[in-house]
Student: 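The structure is given below, and queries will be raised subsequently.
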2 protein chains.
Amino acid sequence: MEAATDGRILRAGELEIRPEEFLALADGRPLNLTARELELLKALMERAGRIVSREELYVSVWGEPYRKSDRSVDVYVGKLRQKLEEAAPHHRFIHTHFGFGYRFSPQPAERSFTRLS
Amino acid sequence: MEAATDGRILRAGELEIRPEEFLALADGRPLNLTARELELLKALMERAGRIVSREELYVSVWGEPYRKSDRSVDVYVGKLRQKLEEAAPHHRFIHTHFGFGYRFSPQPAERSFTRLS
DNA sequence: ACACTTTTTTCACAGGCCGGTCACGCACTC
DNA sequence: GAGTGCGTGACCGGCCTGTGAAAAAAGTGT
């Protein structure tokens, strides 16, 4: 369904996704992602740089209408962050935009105590 | 049919396969593999690093259409793991990817909680 | 052809993993 | 400070996997 990039290798920063192999690499190390996690990461990367609403993400990944009370996207963003942090420490990939949604944008590294933007 | 590597010696980590001798060595020690086991190991090694579905493995090794309920691949992966563990303890070769299939990737040893740098 | 061994296939059960939901507490905006 | 949004650990049902063991098939020697 993600016609534009389906099957193509996606890259961003230290991240790489090979959809046809169900494989995601961070710094060359395989992330051990589940099906949903991989789909969500793909959806985010395909929209890299822009703020994406939960609704858009949910519809794209789950393929069903979005209910405002559904927290699935949040939960899976959390799981992704955790696994990304494991594989590529001190990088930031998924940024929260309060009240709007999430934005994927790989950031080189983390400087000690800088404030969130 | 695996034209590219058929008959050629395959190596990965501590593993070596010499197809024309029906021989597999781990750490220099011969694994005592049966025909099916050897074929499956070859199929996995030829696809090293990527996640391979049961269907692809089954079709490649058994040469017949795959039935979803068929557990043969699982059983033989189990047998391979057992023999590999015997010959080369504390190495990991075949990794399970839940819902997708298996991935061959030799891993030096297991370090429990240390993070790679 | 027969008996015996080895390998392959099937079966069934136990346990593990994943997806989805909930609830609690903190974060953020105004 | 009030009100809403967000992060996250915990939990449960259901499907996926690992695996021993039985059954079937194939191989081996006489």
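Chain letters run A, B, ... following the sequence lines, proteins first and then strands; every chain starts at 1. Here the structure is a predicted model, which is why all the values come from computation and not from measurement. Only this structure's heavy atoms are used, side chains among them; waters, hydrogens and symmetry mates stay out.
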Student: Applying salt bridge (charged side-chain N to carboxylate O under 4.0 Å, His left out), can you list everything that pairs with A/Arg36, at least two apart in sequence or on another chain?
Tutor: none

Student: Is the distance from OP1 or OP2 of D/dG7 to the nearest side-chain N or O of A/Thr96 less than 4.0 Å?
Tutor: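 Checking A/Thr96 against D/dG7: at least one side-chain N or O falls below 4.0 Å of OP1 or OP2.
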
Student: Return a table of donor-acceptor pairs under 3.5 angstrom between the side chains of residues 74-81 of chain B and protein atoms on other chains or two or more places apart.
Tutor:
| unit_1 | atom_1 | unit_2 | atom_2 | d |
| --- | --- | --- | --- | --- |
| B/Asp74 | OD1 | B/Arg54 | NE | 3.0 |
| B/Asp74 | OD2 | B/Arg54 | NE | 3.3 |
| B/Asp74 | OD2 | B/Arg54 | NH2 | 2.9 |
| B/Asp74 | OD2 | B/Tyr102 | OH | 3.2 |
| B/Arg81 | NE | B/Ile94 | O | 3.3 |
| B/Arg81 | NH2 | B/Ile94 | O | 3.0 |
| B/Arg81 | NH2 | B/Thr96 | OG1 | 2.7 |

Student: Test: ring pair (Phe, Tyr, Trp, His ring centres under 6.0 Å). Region: residues 15-49 of chain A. Which pairs qualify, not counting sequence neighbours?
Tutor: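 Sorted result for residues 15-49 of chain A: A/Phe22-B/Phe100.
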
Student: Atom CG of B/Leu40 and atom C1' of C/dT8: how far apart are they, to the nearest Å?
Tutor: 13 Å

Student: Could you check whether A/Arg18 pairs with A/Glu20 (Lys NZ or Arg NE/NH1/NH2 to Asp/Glu carboxylate O, under 4.0 Å)?
Tutor: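 No.
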
Student: Can you give me the bend angle of the helix from C/dA1-D/dT30 to C/dC30-D/dG1? Use the axis through the first five pairs and the one through the last five, nearest 10 degrees.
Tutor: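 Its terminal axes enclose an angle near 50°.
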
Student: With sequence neighbours left out, which residue pairs that include part of residues 37-59 of chain A fulfil the ring pair (Phe, Tyr, Trp, His ring centres under 6.0 Å) condition?
Tutor: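 Pairs touching residues 37-59 of chain A that pass the test: A/Tyr58-A/Trp62, A/Tyr58-A/Tyr66.
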
Student: So, are B/Glu56 and B/Arg47 salt-bridged, with charged N and O less than 4.0 Å apart?
Tutor: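 Counted as a salt bridge, because a side-chain N and a carboxylate O are separated by less than 4.0 Å.
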
Student: For the residue pair A/Pro30 and A/Asn32, establish whether any side-chain heavy-atom pair is separated by less than 4.5 Å.
Tutor: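 No, their side chains stay 4.5 Å or more apart.
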
Student: Within a strict 4.5 Å, meaning less than it, do heavy atoms of the B/Glu46 and B/Leu10 side chains meet?
Tutor: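 Result yes, sub-4.5 Å side-chain heavy-atom pair found.
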
Student: How would you summarise protein contacts on nucleotides 13-23 of chain C per nucleotide, using B for base, S for sugar-phosphate only and - for none, with heavy-atom distances below 4.0 Å?
Tutor: ---BBSBSBBB

Student: Taking OP1 and OP2 of D/dT17, is either one under 4.0 Å from a side-chain nitrogen or oxygen of B/Arg54?
Tutor: yes

